[in-house]
Every structure is written in structure tokens, then in C-alpha cells.
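Inspection log for the structure reproduced underneath, given as C-alpha cells.
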Amino acid sequence: MSSEQLKVYHDMIPKRKNPLCGGKIGKNIFVFTNMFQIIFSDKFVTNAIHYDIVIRPFNEKPSKTETEKETKLPKKLCRDIFEQCRNKHFSERFPAYDGNKNAYSANELPFSDYMQDVFWHLNDKEQKKQYEITLNKVAYIDLSWIKNFKPGLAENRVQTALQVLDIIIRHGPESRFINVGRSLYWDIDMKKESLGDGLSLSTGGFLSGILGWKPYLNVDVAHKGFTTNLRVLQYIAKVTKINEQSLSYNTVMQHRNKILSFLKGLKVTYAIPNSPISKRTFRVLDLWCDSCDSHTFTSSDVIYTITKYFRDIKRYNIKRTDLPTLHVGKTSDGGKILVPLELCTIVGGQAFNKKLDETQTRNMIKETATAAPTRKQNIEITFKKLEINDSSVMEKEFNLSVSTKMQMVDARVLPPPGLKYANSTITVERGVWRLQRFNQAKSLGPNSWSILTLINETIKEPPDSDLQTFIDILKSNARIVGMTIGKPITQNGKKINTNDLRSITNYFNEYKHLQLIIVVIPDNTDVIYGNVKKITEMDIGVLTQCIKYKTVKSCINPKTSVTTTKNLLQKINSKLNGVNHILDKMPSCLSNYSCMLVGADVTHPAPDSKSVAPSIAAVAASRNNSAFQYNVTLRLQPPTEEMILDLEAIILSQLNIYYQETKSPPRRLIYYRDGVSEGQLPQIMFYEINAIKNAIKKFNKGNIEITCMVVQKRHHVRLFPANEQETDDKNCNVRAGTIVDTTITHPDHIDFYLVSHASIQGTARPTRYRCICNDSKFNEDQLEEMTYFLCHMYARCTRSVSYPAPTYYAHLAAFRGRALLQGNPNFNLADLEREQRNFKIKMEASPMYFV
């Protein structure tokens with residue numbers, strides 16, 4: 001978008017009615033937040049000069065891809081060259097440099113608008129190379145206004161000034177620690193696999209300048225996986241759970257996808273034993289199917305296998321000639337460089353930016369989920385470690401500092417809603433409540449449902465007695481919540497091997513007339529889940545409830561039976577079009593007029609799958625005024641596309657469904673949009689809100705007021721009780737319903753942080769909400785109350801959750817879409833229109849199938 005369009009949409013964002021006052025509902029308390037106020041001394045230099053920095057290898061001719069080459073230079077190298085230049089030409093000055101293209105000084109540096117020089121750099125391999133640096137003055141930036149900033153006076157220049165402050169503050173820490181994104185890491189252990197399968201856990205710090213009612217520095221603890229020094233064969237042995245000596249070609253290729261998903265893009269060192277000069281560093285491109293014995297190539301008119309070449313030319317006998325090879329580069333004539341697995345070692349200390357596997361994720365949570373007081377203490381330790389105020393850029397160049405104390409802010413605890421069940425109204429306490437008889441309970445008649453067990457090496461033959469006990473417990477607990485469940489078509493169900501997709505499909509086709517099929521699947525596989533859902537929801541159209549075998553065991557365990565079984569029944573009742581509970585009293589936003597609630601989210605493929613998998617947009621919309629039942633729509637989009645491209649047609653379809661169900665159009669449409677970054681807000685306003693308006697015009701049943709709330713979880717703001725008594729859980733988090741809408745929020749716009757849930761483990765993360773469209777002129781109290789109430793309408797549990805139900809459902813549906821696409825090797829990104837026609841869900845009779 002152009003700068004003019006950005007300004008127009010910036011001006012359109014709804015403003016606070018009173019920028020100096022937050023909401024009024026709830027009990028007033030104080031909380032600490034991990035914001036540290038930026039302090040401007042009397043000598044603060046308000047005139048920043050922006051210099052464009054270009055660093056390139058000396059005597060290298062610029063090419064059409066010059067910019068690409070510049071960005072490939074490591075920040076560590078660029079900082080070294082810049083520091084040499086500073087010491088030589090302006091040693092008494094300390095400009096802030098971002099390690100890439102930008103430097104900022106307080107007033108002008110002692111040279112004309114342009115300078116150039118050449119310096120040597122010594123890399124980690126003790127190799128010297130010359131680099132040319134160019135500094136070019138490009139802009140003057142006025143920082144005077146930010147020193148005396150007041151809420152209600154934010155301007156379009158806010159973002160530029162924040163970027164300058166951010167680079168000034170980050171300069172010192174970034175010069176000393178490993179920089180990954182917005183976070184910095186230290187003490188990386190390259191030997192201990194604390195996360196498992198080749199990864200160690202490193203702790204670091206996140207820091208970012210933020211403008212609240214004053215400028216603040218947001219500091220948080222950061223955690224990330226880094227590679228350990230591990231021979232490639234060692235890694236493969238760990239993944240396959242087979243010792244190195246027993247590894248076979250077939251075993252490695254059987255686990256190829258998992259091995260490659262880890263290794264691809266990582267650096268490995270290749271070296272022949274007792275030959276130091278042979279050492280090379282490569283980046284892995286592929287795990288190649290040719291073995292050292294099978295791959296042939298020509299060198300000096302002689303045909304070699306890799307085995308023969310190493311024996312005759314390199315004087316090394318490869319031990320595992322039968323295993324696949326690593327593809328690590330191209331030869332001068334375009335051929336592949338293939339190297340034996342046994343000669344490669346993963347380079348330790350590489351940041352791992354891919355998705356962690358199930359075991360690594362579990363270990364990450366175990367290591368990092370800390371109680372709120374511990375997290376607060378760790379943040380304070382991190383702040384000291386960063387030594388922000390000791391930087392010469394801060395102290396000598398700009399005369400700037402950061403408070404060493406966390407900011408205390410005003411907060412409130414909102415009262416929870418009452419929840420109406422069939423025979424009673426429940427009061428929520430500490431974010432949880434007791435399940436009662438469902439508001440509208442659905443039943444499964446005799447012979448209207450079945451159980452299918454999918455078996456593999458994990459589940460051989462579950463005892464029939466376990467399944468019978470599970471059925472009995474399911475039926476008895478169903479009566480408690482108002483459901484009636486008759487006997488299944490066969491008492492102990494059917495058992496089929498997970499690999500026998502034809503028999504699985506035939507089974508579902510035979511019993512597609514049933515109301516529900518419960519599918520017991522192995523505990524440690526997502527593949528079979530995706531296969532089951534694709535067969536049943538896309539190919540046939542039969543309702544299923546997948547449960548892992550460990551869930552069956554939990555249902556029949558006397559200690560966990562009631563809780564697990566009732567949670568399962570909440571999902572089943574919702575899928576059968578029942579209503580578990582409703583709000584006893586609707587919030588004012590929803591009570592005066594009919595309203596359609598909409599949640600939207602987009603999930604993107606993993607970084608290493610962008611060339612083969614699409615993004616998936618999911619929209620969930622309420623079908624009536626209960627705020628409980630929703631329809632979902634899934635759309636395939638180009639990878640990384642965040643805007644929902646077909647939103648107009650989606651909303652029009654949902655409006656028609658709402659009209660068919662209620663016999664009247666909604667007067668209001670509340671749109672909760674998840675997964676949007678700060679920089680994408682104008683695009684959401686321009687594309688998505690306009691798409692909703694166009695859908696309303698085509699719907700042509702009167703004016704419908706639009707309210708749009710952007711939901712953000714990917715931030716580093718945390719809240720901690722200032723009073724030890726103001727907590728409800730063992731982790732000492734703030735209470736469910738704690739809201740902050742002053743001091744650290746946007747100075748002009750409607751913006752608040754809400755902890756709507758009681759955290760089960762670790763420190764609760766508040767969800768941030770930004771209102772970017774408000775046709776109904778709701779005040780902050782109304783928006784906050786509605787948002788908090790909707791966090792109690794999630795069908796799957798008797799706990800308030802961290803987002804409103806429509807957003808949560810969109811999130812669930814997007815990941816269901818990802819599961820449905822799983823294992824599709826022939827996906828054609830060039831023809832998404834055709835792929836979308838094939839991507840149809842056949843679950844019209846069960847709109848809540850995704851729960």
C-alpha cells in the first residue's frame with residue numbers, strides 16, 4: 001500500500017473516546033508488566049541522522065542480485081567492518097548500527113554526506129578477506145516530540161521514531177550475543193541434547209521498543225533450539241531408534257522425510273579421518289537415494305562409484321557403502337555433489353527455525369513452562385544480562401537510558417458471565433465451572449454408532465474388555481449430562497491395520513449411514529488422523545470422533561474417568577448439533593440486536609514446505625443467536641498469503657446460512673481476526689473489511705454494522721500480580737479476567753490486553769485485542785465484556801479459554817484443513833482454483849464436525 005493509503009487507513013482506525021481513561025467494569029488492581037520505561041535525559045540528542053550502509057566483498061562487481069548478496073553477509077561480519085570504520089574515521093562517536101543497512105548517529109558524523117573505505121575481516125576459519133563499506137547520509141529524523149509524548153497525540157511518524165529507538169537500544173546487546181530475529185541468545189550448549197534428536201535448548205532475551213502512553217522497552221525471556229555437534233549417522237540412529245551398525249538402506253529411506261525435514265538447510269562439516277585439509281562445510285540440500293555403491297560419475301575419463309573414487313583417489317575405504325548419501329551442492333558442470341553420511345557432522349550452534357517434533361515440543365514445554373514469579377525473576381536477570389544502559393551508543397551518543405524496574409500499571413478483574421445449562425445456571429469461579437446437563441442434549445440411538453480401532457505396532461490388539469468398559473462408562477456419563485447413548489452396532493467394534501486404507505475406506509462406506517463412528521487411533525502418529533479425516537469428511541461424509549488409545553485408558557481409569565469422558569461427551573454433543581451451554585445474560589453488544597459472530601484465521605505451511613503446500617484460510621461464523629453453534633469455511637491460498645482472498649464470497653454464504661436458520665438477517669457482524677501482525681492492520685482494513693462490506697451489499701437485506709477486533713497472541717507482554725494475594729492458581733498468575741487497557745496500550749486507539757483463562761501450567765500469556773472498525777460505536781467496556789464472555793463459549797471444555805470461541809474455532813478449522821492436505825504429494829500450487837474444487841467438505845449435516 002502507498003504511504004497515502006496507509007495514512008488514510010491509519011486515520012480511519014477508531015480512536016479512544018477518552019485517551020486518558022480506560023474502562024470502568026471490574027475490580028481495580030495493580031500488576032507488573034515486563035515493560036521498562038525509556039528515560040530521556042536533559043541532554044538527550046533529538047536530531048538523529050540516518051546513514052545507508054552498504055558492505056560488499058572488495059573488487060566484486062555489483063550484479064543484478066546485488067541486494068541479495070548484501071543480505072547474505074552475516075551480521076557479525078558487517079558489525080566487525082562497521083566497527084573498524086568507526087575506529088578509523090570517528091572513534092569518538094558511537095552511532096547505532098543494525099548489522100545490515102541502517103546506522104543512526106546523534107547529529108552528523110565528521111565527514112561529508114558520503115564516504116567509502118576498505119577493511120580486512122578474519123573469519124572463524126582464520127581466513128582473511130577484504131570488504132568495502134559505503135556510508136551514505138539519507139535522512140534527518142526529528143526525535144524531539146517523543147521525549148514529551150502524551151496520549152492522544154500519536155502521529156504517523158511514531159513508527160520511524162520507534163525503529164530508531166529500537167536500533168539504538170539493541171546495538172550494544174546485538175554486538176555481544178547471537179541474534180535470531182528479535183531475540184538474542186547466549187551460552188549455547190553444543191553437546192547436550194536437552195530437547196532430543198540433535199537439538200539443545202538455549203535461553204536468551206527478547207527486546208523491542210514499544211510505544212504505549214510513553215515509550216517502553218519490552219524485555220522477555222526467549223527460548224530456542226540450536227543444533228548440537230552430532231555425526232549425521234548418530235542423528236539418524238537416534239531418529240530411527242536403531243544403532244548405527246544395524247542401520248540399513250531401507251530403514252534410512254523409510255524415515256527419509258523426518259530425517260530430511262531436520263537436516264535440509266543445515267550446515268554439516270565433511271572431513272576424511274586423518275586428513276585435515278579435506279575438511280569442508282556444506283549446506284544440506286537433500287538426502288539422496290543413491291548409495292556410495294550405486295552412484296556413478298566420470299572423472300578424468302574414468303567411471304567411478306563413490307566407493308571406488310574414495311578408495312582409489314582419496315585413499316579412504318568407506319565403511320557404510322550401502323547407505324544413502326547427502327546431496328550438498330553442484331559440480332561445475334551441473335552435476336550433484338554427493339558425500340557419504342559417515343563423513344558428515346552437523347555443525348553445532350545453528351538456530352533451528354523449523355517446527356519441533358512431538359518429543360522436542362514436549363521437552364521444550366517441560367523446560368520453559370515456569371511459574372509467574374520465576375518468569376518475572378528470569379526477565380529481571382535477562383535485563384541485567386543485556387547491559388542495555390552500559391552501551392556507549394545509549395550513554396555517550398544519545399544520552400538515553402532505560403529504567404531498571406518493571407512498569408507497574410492499573411488493571412481490573414472483569415466479572416465472569418453466568419452460564420445456562422438445561423436445569424441450572426452456573427457461576428464461573430477462577431476460570432472454571434462444573435459441567436451440568438447440556439442445554440440441548442443430543443442422543444445416539446441403538447445401532448446408530450460404532451467403534452473402529454486402528455492397530456499398528458503401537459496398538460496390537462486392545463483388549464475387548466477395555467472397549468466394553470469404555471462403552472459402559474461413556475453411556476453412564478452421557479446420562480448424567482442429559483444424553484442417551486444406545487448400544488453400538490457391534491459391542492467390541494472392528495479392528496483394521498492403519499496401513500490398510502482400502503479396508504478403512506470400505507468400512508466407512510459400509511457404515512456411512514451411522515450418526516457417529518468413534519475411531520481409536522495409535523498414540524504417536526498424526527498421519528493416520530489425517531487419513532481418517534480425509535476419507536470421512538471429504539470422500540464419504542460421515543461424522544467421526546477420533547480418540548487416542550491412551551484416551552480410552554484414561555476414560556477407564558477410575559482417577560481420570562469422569563473428567564476425560566465428560567470432555568469427550570462435550571465434543572460429541574457439539575458435533576451432533578447439540579448445545580452444551582449458553583450465556584445466561586448476553587453482553588450489551590449482543591443483546592439489543594441480532595448479531596453474527598465471525599472468527600477468521602490463516603495457517604501457513606512450514607518454511608520448508610512453502611514450495612509444495614498452500615496456506616489455508618478458515619472462517620467460522622455463528623449460525624444463530626446462541627453464540628455456540630458455528631459453520632466453518634476453508635479456502636486454499638498461495639503460501640504465506642495472509643489476506644483472506646475469497647472473504648466476500650465466504651461472508652455472503654455465511655449470511656445466507658444465518659438467514660436460513662433464524663429467518664431474519666443479523667443487524668451486527670462482529671469479526672474477530674486472528675494471526676495479524678501490526679504492519680498488516682491497514683491491509684486488513686483495506687481488503688478484508690471492504691470484502692465484508694461488499695458481501696453485505698450483495699446480501700441486500702439492510703444495513704449491517706461491522707465491528708472488527710484483531711486478536712494477537714504473538715507478542716511478549718506478560719502480566720504479574722503486584723499483590724501476592726491477587727492470584728487463583730498454583731503458578732501465581734494474574735486472575736482470569738484480568739485486563740489492562742491503559743499505560744502500555746496504544747495511546748490513541750481502542751486496545752487492551754486480556755488474560756481470559758486460568759493458566760494450567762507456566763506463565764499466562766495475555767491476548768491483545770485491537771479494534772480497527774467500530775460501526776456500532778461500542779465503548780471499550782462493551783468490547784471488553786463481550787470478548788471476555790465469548791472466551792467462555794468454547795465447546796470442548798468447562799474452562800474459559802485464551803481467545804473468543806469464534807477465533808478458536810477458526811484456528812481449529814485451519815489446522816483441520818492442514819490435516820486434510822497431509823500426505824498429498826501431487827498438490828499443484830499453480831492451479832489453486834482446481835485444487836479448491838477438489839477440496840470439498842461433505843459435512844453439511846454436522847457443521848460443528850471440526851470441534
Side-chain angles (χ1 to χ4, degrees), residues 181 257 261 353-358 360-361 364 526-527 529-534 537-538 546 598-621 630-647 649-651 654 671-681 683-684 687-688 691 708-715 765 767-768 794 796 801-825 827-829 832-833 835-836 838-841 843 847-851:
N257 289 340
S261 68
N353 296 317
K354 303 174 187 178
K355 185 178 179 181
L356 302 180
D357 65 27
E358 190 174 329
Q360 291 164 343
T361 301
M364 173 73 85
D526 293 329
V527 175
Y529 176 82
N531 288 337
V532 167
K533 292 302 182 183
K534 182 180 183 304
E537 295 174 1
M538 295 182 70
C546 288
V598 181
D601 190 18
V602 179
T603 178
H604 302 293
D608 54 343
S609 302
K610 290 178 182 177
S611 60
V612 295
S615 292
I616 299 174
V619 178
Y630 289 76
N631 301 287
V632 297
T633 303
L634 298 175
R635 288 288 190 274
L636 307 179
Q637 303 200 155
T640 74
E641 175 58 63
E642 184 58 50
M643 298 305 109
I644 300 176
L645 301 181
D646 202 21
L647 187 61
I650 293 172
I651 294 296
Q654 298 293 2
Y671 183 61
Y672 282 96
R673 179 62 158 91
D674 191 17
V676 180
S677 68
E678 201 75 15
Q680 292 169 325
L681 294 182
Q683 291 174 283
I684 292 293
Y687 294 108
E688 296 193 6
C708 178
M709 300 289 289
V710 171
V711 183
Q712 295 173 319
K713 285 283 281 187
R714 293 180 183 174
H715 61 77
R765 186 203 303 260
T767 302
R768 185 187 183 193
Y794 186 52
R796 289 166 60 159
V801 291
S802 56
Y803 331 115
T807 316
Y808 222 128
Y809 290 148
H811 189 68
L812 283 182
F815 279 89
R816 173 61 59 80
R818 182 68 59 208
L820 294 174
L821 286 178
Q822 189 174 264
N824 183 354
F827 197 90
N828 184 6
L829 285 176
L832 278 177
E833 190 174 335
E835 295 289 356
Q836 181 65 55
N838 297 329
F839 191 70
K840 293 292 184 184
I841 308 295
M843 300 301 296
M848 295 278 280
Y849 70 91
F850 58 91
V851 172

>> Rounded to the nearest 0.5 Å, what separates atom CD in E835 from atom CG in N828?
In response: 5.5 Å

>> Using modelled atom types and a 3.5 Å cut-off, is there a donor and acceptor pairing between side-chain atoms of S615 and backbone atoms of T640?
In response: yes

> Considering residues at least two apart in sequence or located in another chain, which fulfil the side-chain hydrogen bond (donor to acceptor under 3.5 Å, both in side chains) criterion with D674?
Replying inline: none

> CZ of F815 to CG of L820: how many Å apart, nearest 0.5 Å?
Replying inline: 13.0 Å

> Just by distance, with hydrogens left out, do Q637 and H604 show a side-chain donor and acceptor under 3.5 Å apart?
Replying inline: no

>> Whether the side chain of R765 engages the backbone of H715 through a donor-acceptor N/O pair (distance < 3.5 Å, no angle test) should be reported.
In response: yes

> To the nearest 0.5 Å, how far apart are CZ in R796 and OH in Y809?
Replying inline: 9.0 Å

> Looking at side-chain heavy atoms only, is the closest gap between L821 and L636 below 4.5 Å?
Replying inline: yes

>> Under the rule for side chain to side chain contact (heavy atoms under 4.5 Å, CB included), what residues qualify as partners of T633, not counting sequence neighbours?
In response: R635, I650, Q654

>> Quick one, P605 and R818 - any side-chain contact, counting heavy atoms below 4.5 Å?
In response: yes

> Taking atom NZ of K355 as the centre, does the number of heavy atoms from other residues, nucleotides or ligands within less than 6.0 Å exceed 12?
Replying inline: no

>> Checking Y808 now: which residues fulfil side-chain hydrogen bond (donor to acceptor under 3.5 Å, both in side chains) with it, not counting sequence neighbours?
In response: none

>> Using the salt bridge (charged side-chain N to carboxylate O under 4.0 Å, His left out) criterion, which residues pair with R816? Sequence neighbours excluded.
In response: E537

> What residues form a side chain to side chain contact (heavy atoms under 4.5 Å, CB included) with E358, not counting sequence neighbours?
Replying inline: R362, N524

> With sequence neighbours excluded, what pairs up with Y849 under the ring pair (Phe, Tyr, Trp, His ring centres under 6.0 Å) test?
Replying inline: none

>> With rounding to the nearest 0.5 angstrom, report the CZ to NZ distance, F839 to K534.
In response: 10.0 Å

> Under the 3.5 angstrom rule, does the side chain of Q683 hit a backbone N or O of M643 as a donor-acceptor pair?
Replying inline: no

> Taking atom CD1 of I644 and atom CD1 of I616, what is their separation to the nearest 0.5 Å?
Replying inline: 12.5 Å

